[in-house]
Amino acid sequence: GAGVSQTPSNKVTEKGKYVELRCDPISGHTALYWYRQSLGQGPEFLIYFQGTGAADDSGLPNDRFFAVRPEGSVSTLKIQRTERGDSAVYLCASRQTSGGWNEQFFGPGTRLTVL
Amino acid sequence: KQEVTQIPAALSVPEGENLVLNCSFTDSAIYNLQWFRQDPGKGLTSLLLIQSSQREQTSGRLNASLDKSSGRSTLYIAASQPGDSATYLCAVGEYGNKLVFGAGTILRVKS
């Protein structure tokens, strides 16, 4: 596609529920990143995929958070037993890895609200 | 742990003014530095990417500089316009090119 797409754009859920957030990167981009942005702050790194594998998941806050990228393209961020503190905008970015360190392109984000 | 600070937190200027946004980082072992623009309720738009071996990058009215040894970058915006109003984010690229962001500078350009 033309850019990184994320669905849904908004998600409202109740405390304790399970949610899945989807990211569709730019075609051909092998690197994919998830970030979380709270109000008034810059995005914070969650996890980085190179192809199908998670190369760095050091930013995941706890074991309620999990992400997959089974075919090296679309990625899903999964949050179990959601808490009110999980409310934030979840951003996905992708990057072309050939030719050196290239810029990351971001999607519009998914705004998650946990009631 | 890398920390990125952006000053000022907010800035309001009249149209046509040249302005400078500042970014500092604590660990100079970076791979690159990227400046983004974020409009309210939107995602991030990449403005400029400076590799660690470079000193500056230019795109139109924007110029970004990088001084890795002192841990500083500046974003210069020439002849500001109301359409430049947005939040500007600085981010340093670490191993794997994961980005560490500052909190941003909220810019308002008054017509």
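Below, read A as the first sequence line, B as the second, and so on, with proteins coming before strands; counting in each chain starts at 1.
Of all heavy-atom pairs spanning A:Gln6 and A:Cys92, the tightest one is OE1-N, 3.0 Å. Across all non-hydrogen atoms, the minimal contact from A:Leu46 to A:Pro61 is CD2-CD, 4.0 Å. Between A:Ile47 and A:Ala54, the closest heavy-atom pair is CD1-CB, 3.9 Å. Between A:Tyr90 and A:Arg36, the shortest heavy-atom distance links the atoms OH-CD, 3.2 Å. Residues A:Glu103 and B:Leu49 come closest through the heavy atom pair N-CD2, 3.5 Å. Nearest heavy-atom pair, B:Leu66 versus B:Gln51, reported as atom, atom and distance to 0.1 Å: CD2-O, 3.7 Å.
Of the two parts of B:Leu99, the backbone and the side chain both hold a non-hydrogen atom closer than 4.5 Å to a non-hydrogen atom of chain A. The part of B:Lys42 that comes within reach of chain A is its backbone (N, CA, C, O), which places non-hydrogen atoms under 4.5 angstrom from that chain. For A:Ser38, no part lies near chain B; criterion is any non-hydrogen pair under 4.5 Å. Interface remark: B:Gln38 contributes side-chain atoms only to the contact with chain A (heavy atom separation under 4.5 Å). With a 4.5 Å cut-off on non-hydrogen atoms, A:Gln50 does not touch chain B at all.
Two residues are said to be in side-chain contact when any heavy atoms from C-beta on lie closer than 4.5 Å; B:Val109 and B:Ile77 fail this criterion.
Of all residues in residues 105-115 of chain A, those placing a non-hydrogen atom less than 4.5 angstrom from a non-hydrogen atom of chain B are A:Phe106, A:Gly107, A:Pro108, A:Arg111.
Highest contact tally toward chain B, considering only A:Pro43, A:Ala93, A:Gly42, is held by A:Pro43 [criterion: heavy-atom pairs under 4.5 Å].
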Residues A:Leu60, A:Trp34; criterion side chain to side chain contact (heavy atoms under 4.5 Å, CB included); working and verdict
CA-CA 9 Å; A:Leu60 295 177; A:Trp34 284 98; over 6 Å; no

Stepwise, does the side-chain hydrogen bond (donor to acceptor under 3.5 Å, both in side chains) test hold for B:Ser69 with B:Asp67?
CA-CA 6 Å; B:Ser69 61; B:Asp67 184 342; 2.8 Å; yes

